[in-house]
Number of protein chains: 2
Amino acid sequence: MLGLLSFGEELSGYDLKKWSDWSLRFFYWSPSFSQIYGELKRLEKVGYVSSRMVAQETGNRDKRVYVITDEGMAAVRHWAREAPVEPPVLKHGVMLRLWLGHLLEADRMREVLGRHREYAETMRERAEVDVESARAEEAWAYPALVLKWSERFYASERDLADAMLADLDEMDDLDAKSRP
Amino acid sequence: MLGLLSFGEELSGYDLKKWSDWSLRFFYWSPSFSQIYGELKRLEKVGYVSSRMVAQETGNRDKRVYVITDEGMAAVRHWAREAPVEPPVLKHGVMLRLWLGHLLEADRMREVLGRHREYAETMRERAEVDVESARAEEAWAYPALVLKWSERFYASERDLADAMLADLDEMDDLDAKSRP
DNA sequence: TAGACATATTTCTCTTAGGAACATCCAGAG
DNA sequence: CTCTGGATGTTCCTAAGAGAAATATGTCTA
């Protein structure tokens with residue numbers, strides 16, 4: 001949350017949710033509304049953000065918008081610089097299922113893998129598009145860098161699926177030969 | 001849990017924890033003890049596992065061991081076959097930090113990335129070792145397949161870090177030129 | 001003029017995470 | 001020969017996270 005606010009914009013809880021959904025979707029989860037609104041109150045209490053109410057002309061409901069304070073900036077900066085490097089969290093449901101390959105037919109496995117391949121390619125394409133738009137703005141240099149990483153990451157995820165499909169074929173061949 | 005038990009072994013909660021920590025570490029998170037023991041009771045109540053107490057000769061404390069039932073097998077099998085293909089969950093703290101590149105020095109970024117690169121290479125090596133031992137046993141054919149995937153995955157994670165380091169260098173070069 | 005959709009926030013409930021506590025034994029260090 | 005750390009084995013407690021639903025309010029469209 002502080003990271004998102006560190007770009008300097010004045011954002012509502014709703015904005016933060018949309019922003020994080022949008023910006024982090026390639027490499028990080030996005031907090032739920034309940035987490036965001038709760039956290040904003042906590043952050044304000046400790047002085048890392050400050051807020052004000054905004055009456056909206058355009059007709060929409062009034063909202064509370066938040067900006068990061070100097071203390072908040074110091075806190076995120078400290079985190080970004082000094083936090084220990086932690087391993088990424090991965091929960092790969094597709095691999096979990098294939099790990100249990102004795103429970104499903106080879107064709108079903110291929111289908112699951114194929115669908116995952118499609119997902120990876122779709123994500124790669126989306127990242128590719130985002131790289132272009134992020135490069136247009138100077139302020140997005142680092143996000144653009146990470147988007148480029150994401151594009152490559154999903155390309156690799158797609159290739160990994162292909163490699164595994166090939167491994168599956170090979171397994172079947174060996175099986176067929178040993179049981180003629 | 002049912003997946004782990006579907007290999008047919010009679011396991012205690014403690015065994016399940018060690019097993020899942022060990023087997024899934026490359027591609028899935030492992031449940032906590034509290035989840036495991038709670039879940040085992042729930043699974044027994046719905047008839048997916050059954051348990052018995054075992055008095056241990058070797059001196060260790062008595063334990064309760066669980067086996068999967070036919071209904072349990074049917075349930076995991078159904079899950080493995082029919083569950084929707086869901087996108088993997090990724091929380092890449094390193095990328096989140098680099099996304100906030102405006103908050104830290106270029107050298108600190110390189111350090112974080114370098115450490116992540118090392119982590120990826122270590123994981124790759126571990127996966128490589130595990131592939132060999134899994135291939136020794138016929139029953140581990142599918143786990144071996146996923147371990148092979150893991151080995152490639154971490155190799156790619158390492159290469160992605162290298163590519164990003166190169167991107168960072170390039171960014172610095174351009175920066176230096178535009179501000180002579 | 002209803003219905004879908006977008007903004008904006010709160011509430012509730014369930015799951016997951018993670019550590020601490022408890023219990024028991026073994027092996028190795030001092 | 002005792003102390004301590006580590007492995008086995010299980011339970012309890014608390015906090016964080018996920019996600020749906022409820023509550024407002026207004027716009028645009030079929």
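Reminder, nothing fancy here: chain letters follow the sequence lines and each chain counts from 1.
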Tell me: [atom1] of [X] to [atom2] of [N], nearest whole Å?
X	N	atom1	atom2	answer
B:W22	D:dT8	CH2	C1'	18 Å
B:L40	D:dT11	CG	C1'	13 Å
B:L43	C:dT15	CG	P	13 Å
B:D62	D:dT8	CG	C1'	12 Å
B:E10	D:dG9	CD	P	12 Å
B:L24	C:dA17	CG	P	12 Å
B:M53	D:dT8	CE	C1'	13 Å
A:K18	C:dC5	NZ	P	16 Å

Given the rule in the side chain to side chain contact (heavy atoms under 4.5 Å, CB included) test, do B:W140 and B:D130 qualify, once you have shown the distances and angles that lead to the verdict? CA-CA 11 Å; B:W140 300 102; B:D130 280 20; over 6 Å; no
Would you say [X] reaches [N]'s phosphate, i.e. side-chain N/O to OP1/OP2 under 4.0 Å?
X	N	result
A:K41	C:dT9	no
B:Y14	D:dT10	no
A:Y37	C:dT10	no

For the residue pair B:Y154 and B:Y119, categorise the inter-ring angle as parallel (less than 30°), tilted (30 to 60°) or perpendicular (more than 60°). perpendicular
Under the salt bridge (Lys or Arg N to Asp or Glu O under 4.0 Å) test, residues paired with B:R42 that sit two or more places apart: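 Expected list: B:E39.
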For B:D159, check salt bridge (Lys or Arg N to Asp or Glu O under 4.0 Å) against everything at least two apart and list the hits. none
Is any side-chain heavy atom of B:L24 less than 4.5 Å from a side-chain heavy atom of A:W99? yes
Could you tell me whether the side chain of B:E132 and the main chain of B:V129 form a donor-acceptor pair under 3.5 Å? no
For B:K17, report the nucleic acid contact type (base, sugar-phosphate, nothing); a contact means any heavy atom under 4.0 Å. nothing
For side chain to side chain contact (heavy atoms under 4.5 Å, CB included), just list the numbers for B:R124 and B:E157, CA-CA rounded to whole Å, side-chain angles, deciding distance to a tenth of an Å, and then say yes or no. CA-CA 9 Å; B:R124 192 201 62 74; B:E157 193 71 358; over 6 Å; no
Please list each protein N or O that sits under 3.5 Å from an N or O in nucleotides 15-19 of chain D, with the distance.
unit_1: D:dG17; atom_1: O5'; unit_2: A:Q35; atom_2: NE2; d: 3.3
unit_1: D:dA18; atom_1: OP1; unit_2: A:W29; atom_2: NE1; d: 2.6
unit_1: D:dA18; atom_1: OP2; unit_2: A:W29; atom_2: NE1; d: 2.1
unit_1: D:dA18; atom_1: OP2; unit_2: A:Q35; atom_2: OE1; d: 3.1
unit_1: D:dG19; atom_1: O6; unit_2: A:S34; atom_2: OG; d: 2.5

